[in-house]
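Below is one structure, written out as structure tokens; comments come after it.
Each chain gets a letter, A, B and so on, in the order the sequences are listed, and its residues count up from 1.
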2 protein chains.
Amino acid sequence: MLQCMSLRIALLGLLTVSGPSSGYDLAKKFEKSVAHVWQAGHSQIYPELAKMTADGLLAVGAEGARGRKIYSVTPDGQAELRRWLLDHSPSTTTRSETALQSFLVPLLEPDEAVTVLRRMKTSAQAHLAELEELRAARNAIADPAGRWGMFGAYALDLGIRQTRGVMEWADDSIADVERRSGTA
Amino acid sequence: MLQCMSLRIALLGLLTVSGPSSGYDLAKKFEKSVAHVWQAGHSQIYPELAKMTADGLLAVGAEGARGRKIYSVTPDGQAELRRWLLDHSPSTTTRSETALQSFLVPLLEPDEAVTVLRRMKTSAQAHLAELEELRAARNAIADPAGRWGMFGAYALDLGIRQTRGVMEWADDSIADVERRSGTA
DNA sequence: GGTTGACATGTCACTCCTTACATGTCACCT
DNA sequence: AGGTGACATGTAAGGAGTGACATGTCAACC
């Protein structure tokens with residue numbers, strides 16, 4: 001089993017917090033939460049749930065209306081999740097189109113580079129607004145004292161900091177490009 | 001052509017800066033530079049170079065010793081790279097194991113969560129040291145006034161900021177977990 | 001009764017990426 | 001002459017991920 005695991009883990013975590021759920025519900029919740037850190041569509045989720053069931057990490061309860069299958073986490077599944085969190089040092093393999101653009105941007109003329117950097121800043125700004133709205137909604141509704149009250153909260157905080165970092169970086173890089181082209 | 005493109009673009013950029021190079025040389029340079037933002041092994045690079053040649057983005061010069069093929073960027077290749085940088089808004093699809101761990105960490109007991117967060121901080125620290133050494137080496141050697149002097153420099157700066165951000169986040173999150181478990 | 005649209009689950013084809021395997025060249029050492 | 005090891009280029013098998021397609025249920029509305 002040298003596979004990536006991450007989708008499995010994400011689903012185990014989500015199912016732990018949600019309690020027994022159907023694939024459809026999981027896919028919807030996934031989209032609104034875990035997808036910020038690990039993307040997957042229903043066409044990947046349904047087969048993975050089936051495989052996880054076959055591997056004993058999940059159990060299928062009664063099938064509800066419209067053929068809904070209700071999954072829940074087995075003890076093996078809990079153990080798998082715990083083990084991954086405690087023992088697995090995450091692989092650092094990056095693959096970010098934004099970072100690639102930032103890498104290559106010096107290949108452009110200064111004014112073009114500034115345009116690209118400004119676009120990056122704008123989209124970071126939009127992303128930041130989205131994340132801060134999410135946090136505001138959390139603070140208004142969620143019960144942070146509950147058993148899983150902080151589920152996703154640290155990741156949200158991290159995302160906000162990283163996005164702010166991108167904005168600051170873009171500002172400084174724009175200034176740097178302009179300084180260099182001014183004195184050239 | 002709804003493909004990802006990113007590997008193509010990375011190779012075009014690297015080849016633009018390196019000047020005509022063999023696949024082997026590109027793979028080595030790739031590993032030391034672009035791989036920080038987009039990973040790929042030689043088994044992916046060789047076929048991609050062949051495809052890019054077939055698509056007219058690259059041209060093969062004389063074959064050197066030991067069957068070396070010397071690739072160079074064609075005008076079509078330059079245009080492709082420019083177009084991607086100027087017109088392509090990078091997809092925001094995240095997929096980070098670190099972020100996934102940060103997402104799920106509240107599922108653990110407080111002391112376990114602290115352990116995981118400390119590990120994340122340590123590895124961020126190591127990564128930061130690596131990046132700062134890279135920057136020091138750049139500053140000692142590189143000629144930032146040269147045509148491509150800043151190639152990769154903005155990405156390196158971004159990486160350093162992001163990694164510092166992770167460390168700060170880890171510190172604050174550890175403090176938060178400890179505060180919550182103390183008052184619970 | 002029929003249409004619409006949200007609910008619900010899946011498959012298929014294709015691209016992307018990783019690991020391991022396979023092949024052959026050339027310089028240098030003994 | 002033979003061995004070693006860096007150089008150099010590839011292929012193959014399989015897992016991961018994407019987008020489009022396919023199928024069927026059920027409630028509500030007209």
- prompt: Tell me the ring pair (Phe, Tyr, Trp, His ring centres under 6.0 Å) pairs involving residues 103-123 of chain B, sequence neighbours left out?
  reply: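 The answer is A:Phe151-B:Phe103.
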
field: ring pair (Phe, Tyr, Trp, His ring centres under 6.0 Å) partners of residues 116-138 of chain B, not counting sequence neighbours, each pair once
entry: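 Residue pairs passing ring pair (Phe, Tyr, Trp, His ring centres under 6.0 Å), neighbours aside: none found.
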
field: Near-strand residues of residues 15-41 of chain B, defined as heavy-atom separation under 4.0 angstrom from DNA chain D
entry: B:Ser22, B:Gly23, B:Tyr24

message: On DNA chain D, compare the nucleotides closest to A:Leu7 and B:Ile70; which residue's is nearer the 5' end?
response: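 The residue mapped nearer the 5' terminus is B:Ile70.
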
Please state how far atom [atom1] in [X] lies from atom [atom2] in [N], giving the value in whole angstrom units.
X       : N      : atom1 : atom2 : value
B:Ile45 : D:dA8  : CD1   : P     : 15 Å
B:Ile9  : C:dC16 : CD1   : P     : 12 Å
A:Leu11 : D:dG17 : CG    : C1'   : 14 Å
A:Met5  : D:dA16 : CE    : C1'   : 13 Å
A:Lys51 : C:dG10 : NZ    : P     : 14 Å
B:Leu49 : D:dT9  : CG    : C1'   : 11 Å

message: Using only atom types and a distance under 3.5 Å, with no angle test, would you say the side chain of B:Ser181 pairs donor to acceptor with the backbone of B:Glu178?
response: yes

Any donor-acceptor pair under 3.5 Å from A:Arg95 side chain to B:Gln39 backbone: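 Yes, the answer is positive, given that a donor and an acceptor are paired below the 3.5 Å cut-off.
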
statement: By side chain to side chain donor-acceptor pair (under 3.5 Å), A:Glu112 pairs with (sequence neighbours left out) B:Arg82

message: According to side chain to side chain donor-acceptor pair (under 3.5 Å), who are the partners of A:Lys69, at least two apart in sequence or on a separate chain?
response: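 None.
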
task: Please list, by residue number, the residues of residues 94-104 of chain A whose heavy atoms come closer than 4.0 Å to an atom of DNA chain C; answer none if no residue qualifies.
output: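 Under 4.0 Å from DNA chain C: A:Arg95.
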
task: State which residues pass ring-ring contact (aromatic ring centres under 6.0 Å, His included) with A:His42; sequence neighbours excluded, sorted by chain then number.
output: A:Tyr46

Contacts of [X] that satisfy salt bridge (Lys or Arg N to Asp or Glu O under 4.0 Å) - sequence neighbours left out:
X        : answer
B:Arg164 : B:Glu132
B:Glu130 : none
A:Glu31  : none
A:Arg138 : none

Do any N or O atoms of the protein come closer than 3.5 Å to N or O atoms of nucleotides 10-12 of chain D, and which pairs are they?
unit_1, atom_1, unit_2, atom_2, d
D:dG10, OP1, B:Lys69, NZ, 2.6
D:dG10, O6, B:His42, NE2, 2.9

